[in-house]
Amino acid sequence: MTTSQGIIMILAGLASGPLLGGLIAGLDRILTARFQSRIGPPLLQPFYDVIKLFGKEKMVVNVWQAFCANAYMTAASISVVLFFLRSDLLLILFIQAVGAVFLVVGAFSSTSPYSQAGAHRELLQILCYEPLLIFVVVGIYLLTGSFKIESVYAWNQPVLLKLPFMFVVLSFVLTIKLRKSPFDLSTSHHAHQELVKGLLTDYSGSFLALTEIAHWYETVLVLGLCSLFWTTNPVGAILLVGLTYFLEIWIDNVSARLNWRWMLGYGWAMGVSLSLVNLVWLYAR
Amino acid sequence: MKELTYVLIFLPFIASLTCFFKIPSQVRSFMILTTGCILIVSSLLLIPYVPFAFTPQILFGLGVHDLIRVPDFILMFAILYFGFKHRSLLVIVPAVLQIVLVVWFEIIISSGMIEGQQMFRSVTQAFYCDNLSLIMVLIISIIGSIICFQAIPYMKNHEEHLKLSTSKQPRFFFVMLFFLGVMNGLVLSNDMIVIHFFLAATTLCSFLLIGHDGNKEAIRNSVRALWMNNLGCLAFTVAMMMIYHNLGSTDVQQIIRTPPGTGLSFLALALLCFASFTKSAQFPMQSWLIGAMVAPTPVSALLHSSTMVKVGVYLVLRLAPAMHGSFLSQCIALFGAFTFLAAAGLAVGQSNGKKVLAYSTISNLGLIFACAGLNTPESITAAILLIIFHAITKALLFLCVGTIEQHIESRDIEDMRGLYSKMPLTALITVMGVVMMIMPPFGLLLGKWMAMEAAARNIFVIILAAIGSALTAMYWARWAGTLMSDPFAGKFKLEKQPVVTWAALLSLCAGAGILSIAVPWLYTGLFTPSMSLNYVPPYTLNDGVLENSYGIFAAFPLCLIAVMGFLQSILAVRGATKARICAPYLSGIQTAEHRVFMGPMNQLVKAEAGNYYLSNIFGEKKLTIWINLAAGVLLTLIVGGAL
């Protein structure tokens, strides 16, 4: 990658969150509405929401919320930029985790029980998906012999063919990361849950807007990880990601929330066993 | 460099002896400060001389071994004495066995010398220092000294709190300084017999320090530490004799130069590993380190960061070349990864801050053992980075908890809720310490990253490590969040602490930060030349980016971005101080008090939230027995597999 290409990639990465992520969020809301026999908001509604939030008066419970929202946003954007730069997958995961942890610490800094309970649940969600993401990356490493995204693109056939179970594991993570039912434990889009905004309860105004944009970045990142399973053909990648996302929305609308014991139990049992099968298969080859 | 070596080993001994006599406390404090400073400077001055090796010809042509023979027996008899004093068979039996074995060993050696089979037991160099030893010396001298500095105000407070009539500080500082000398001696020695002497000395030192307060619990826990570590020493003695039988030498360099599987019995190596595991408090011998938290906090800081537990990982790393590619090495990797996971799980279940720190130490040491077991250049690099950064960060966190404990008189995480409003700077430094434990671009995470990439070919190790890593993030993030948990937005009002305390905390915090930024240069400066035997630097360095064929870690650029992100976020905090401060959401009518809302029937309701400790999954009572059992099985595999 030359310097100019690098700069273009950095800019593309930085822009992808607010633009692509926002559009995906808008599409998500329309599709969800159609599932529920509603028309839904316009495609650009997420952008209007965020702009409106930025215009609100600044209110905080604890000044360190501002720090945490900013750190979350920074970490999320850097992880996406590194993805665009085709850097090291494990490194990208670690940086993404930084953002996730800061979001939690920000929620902890308010004493509201809703915020606290949400923060703990988010920690459990991180606990559930973090190892699974590492397994996925290890699977890619065992196949391509490298942790660099570059080597995935250099691979001559879709990774999905060799790592089908790892893709299932990844889509499990996707459900948690996109805050979709049944794993929308810490904060949710559905008003009927026992804990609705949880983690985000005491973020408000521009700080809430920052967490929203950071979430868009994270969405782009996990969908980007999905796209790595079909790198030989852009149409294939888009089809795979689109299909997976559609499935996520469908699951979101047909399932009820599970408690964290189920999430952790199912997540780890399924994640470890599927990974083990797939990794041993690769390893034995 | 000979002079520097002597200063590093003997100066603490001399200083500690003077501490032992009743001298005014100001004089003692001054002595400790000067000794520490001289140690720090000498260790830094040692850097350009590495690698070196030499044998001193001192005192009428007697070698080092002849000189330590008498102190060695004094030490072993001292351990035996404490065994009788506290009526512990678990101490007495191994101690007696050890004395018998060492006497036997001395006879074998001298008969060997008479027959002239080996020239002076073929220990060619008494002292040997490569970069691995150097890094240990730096850690011991610098971090150890800083901990001793902070102990000065801490112990003053401590004794005022306990209302002691006669100060026990002379003995305390005697042992603390002595410990530093012993540790320096241990990592610089090249003769197993000398190392055995220093090992026994660390055992005795930690016993004396853990039992310092002299109450029932302290005595019980110190005796436990004594018998466990003494058992480790016994294993070391047996291994030493077997190695002598195999190779006719106790020269460490000669041992590791023996190609794996030729001449050197794996059983001896396995026993050495067992000795290391006891020193590093790996399962099932973890209880001595957990019990050690009854001691004053500087003791915990010293044991956990720069001394005792680091002996174990140092020894295994030192011996790693002799185990390269063996089944034993793989078993150690698995054992280490298991400990990493299990200790992290137990830490999740704890609300006692010091216990969380203790389990986190065990967990991190497990990861270092796993790296040593994987035994590739990448994993060895990871292990050494982990040792360095764990030492700094853990020392920092222990000193923080000690400071907090003296202030709020509790070490429970729940009692630290909203500590930021009471002790803002200490709370922030603690949070910083936590951040340095789990987040990039700090050195500890760089080490973990290298470890994971090195472990990825070993499916079981990577699965254990991945889950352990997530658990680690969980208990640290929970703690950091709890410290900041307060509806507080006022001005920063600095709490009062002694200057030495601030200096210790801030220097450790800044040191970890600066070293993290300097990792690329640390790597080229310390890792590339003469790290240890067969070590080939695995990473290439371009513009501060570490890279090998399958991984790329942008260490320096990430640091830059992190600094910018940090500054930007701090600006955001400054901006937020001007924002409207509102009460936390309670789903009811807010009252003037932050945590109280108007509930149904106009009743005031106090909203409270506690942390999840998931003690019915991760509780000590639930898990410990199973973990010990599993670790026992793995240990059997290690020793049995070596037979």
Side-chain angles (χ1 to χ4, degrees), chain A residues 57-71 74-75 78 82 87-88 90-91 94-95 97-98 101 104-105 107-117 119-120 123-124 126-128 130-131 134-135 138 141-142 145-148 151 201-202 204 268 272 275-276 279-280 283, chain B residues 417-418 420 431 438-440 445 448-449 452-453 456-457 459 462-463 466-467 469-471 473-474 477-478 480-482 484-489 549-554 558 561 565-566 568-570 572-573 575-587 594-595 607-609 611-612:
Chain A
E57 184 199 355
K58 271 190 184 166
M59 273 167 51
V60 286
V61 172
N62 182 324
V63 285
W64 290 96
Q65 282 180 318
F67 185 94
C68 292
N70 270 282
T74 313
I78 294 171
L82 283 175
S87 186
D88 189 294
L90 212 49
L91 178 63
F94 283 136
I95 290 175
V98 170
V101 167
V104 172
V105 173
F108 266 118
S109 70
S110 157
T111 49
S112 162
Y114 299 94
S115 190
Q116 295 269 329
H120 277 290
L123 277 181
L124 287 164
I126 296 174
L127 181 61
C128 183
E130 212 41 55
I134 292 178
F135 297 157
V138 168
Y141 164 73
L142 285 180
S146 170
F147 285 95
K148 298 172 197 167
S151 64
T201 304
D202 273 326
S204 63
W268 279 5
V272 172
S275 304
L276 209 56
L279 294 182
V280 168
Y283 199 66
Chain B
R417 196 165 280 282
Y420 176 63
V431 171
I438 50 173
M439 285 187 190
L445 192 111
K448 199 185 273 180
W449 170 81
M452 285 202 169
E453 298 212 332
R457 287 243 164 253
I459 292 177
I462 189 71
I463 287 181
I467 299 177
S469 165
L471 285 167
M474 175 165 177
R478 183 180 66 195
T482 311
M484 304 307 289
S485 175
D486 197 73
F488 174 80
S549 63
Y550 54 82
I552 176 166
F553 195 95
L558 270 182
I561 295 171
F566 179 78
Q568 192 256 342
S569 306
I570 283 289
V573 171
T577 49
K578 293 189 200 95
R580 187 147 69 91
I581 309 298
C582 56
Y585 175 73
L586 296 175
S587 194
H594 270 313
R595 294 167 204 220
E608 272 179 293
N611 284 347
Y612 284 15

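Chain A is the first sequence line, chain B the second, and so forth, proteins listed ahead of strands; every chain is numbered from 1.
A:V105 and B:A477 get closest at one heavy-atom pair: CG2-O, 4.2 Å. Taking each heavy atom of A:V280 and B:I459 in turn, the nearest pair found is N-CD1, 3.9 Å. Contact between B:M484 and A:N62 at its shortest, heavy atoms only, is O-ND2, 3.1 Å. The two residues B:A579 and A:K58 make their nearest non-hydrogen contact at CB-O, 3.4 Å. Considering every non-hydrogen atom in both A:N70 and B:A572, the closest pair reads ND2-CB, 2.9 Å. Listed here is the closest heavy atom pair of A:T111 and B:P584: OG1-CG, 3.1 Å.
Highest contact tally toward chain B, considering only A:V138, A:L91, A:I134, is held by A:L91 [criterion: heavy-atom pairs under 4.5 Å]. Residue with the most contacts toward chain A among B:Q568, B:M452, B:E453, B:R478: B:E453 (heavy-atom pairs, distance under 4.5 Å). The candidate from A:L82, A:L124, A:T74 with the greatest count of non-hydrogen atom pairs under 4.5 Å with chain B is A:L124.
Both the backbone and the side chain of A:F67 come within contact range of chain B, each with at least one heavy atom under 4.5 Å from a heavy atom of that chain. For A:L279, the parts lying near chain B are the backbone and the side chain together; criterion is any non-hydrogen pair under 4.5 Å. With a 4.5 angstrom heavy-atom cutoff, A:S87 touches chain B via backbone and side-chain atoms both. Contact annotation for B:R417: only side-chain heavy atoms (C-beta onward) come within less than 4.5 Å of a heavy atom of chain A. Residue contact with chain A, scored on non-hydrogen atoms closer than 4.5 Å, involves the backbone and the side chain of B:I467 alike. Proximity to chain B involves both the backbone and the side chain of A:V98, based on heavy atoms less than 4.5 angstrom apart.
The only member of A:P113, A:S204, A:S110, A:S112 that meets side chain to side chain contact (heavy atoms under 4.5 Å, CB included) when paired with B:Y585 is A:S112.
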List the steps, then state whether side-chain contact (heavy atoms from CB on, under 4.5 Å) holds for A:V60 with B:I581.
-> CA-CA 5 Å; A:V60 286; B:I581 309 298; 3.8 Å; yes
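Relative ring orientation between A:H120 and B:Y612 is described as parallel, the plane-to-plane angle staying below 30° on a 0-90° scale split at 30° and 60°.
Contact annotation: the side chain of B:F553 never approaches that of A:D88 to less than 4.5 Å [non-hydrogen atoms, C-beta and beyond].
Partners of A:F94 by ring-ring contact (aromatic ring centres under 6.0 Å, His included), not counting sequence neighbours: none found. In this structure A:Y141 satisfies the ring-ring contact (aromatic ring centres under 6.0 Å, His included) test together with A:F147, B:Y550, sequence neighbours excluded.
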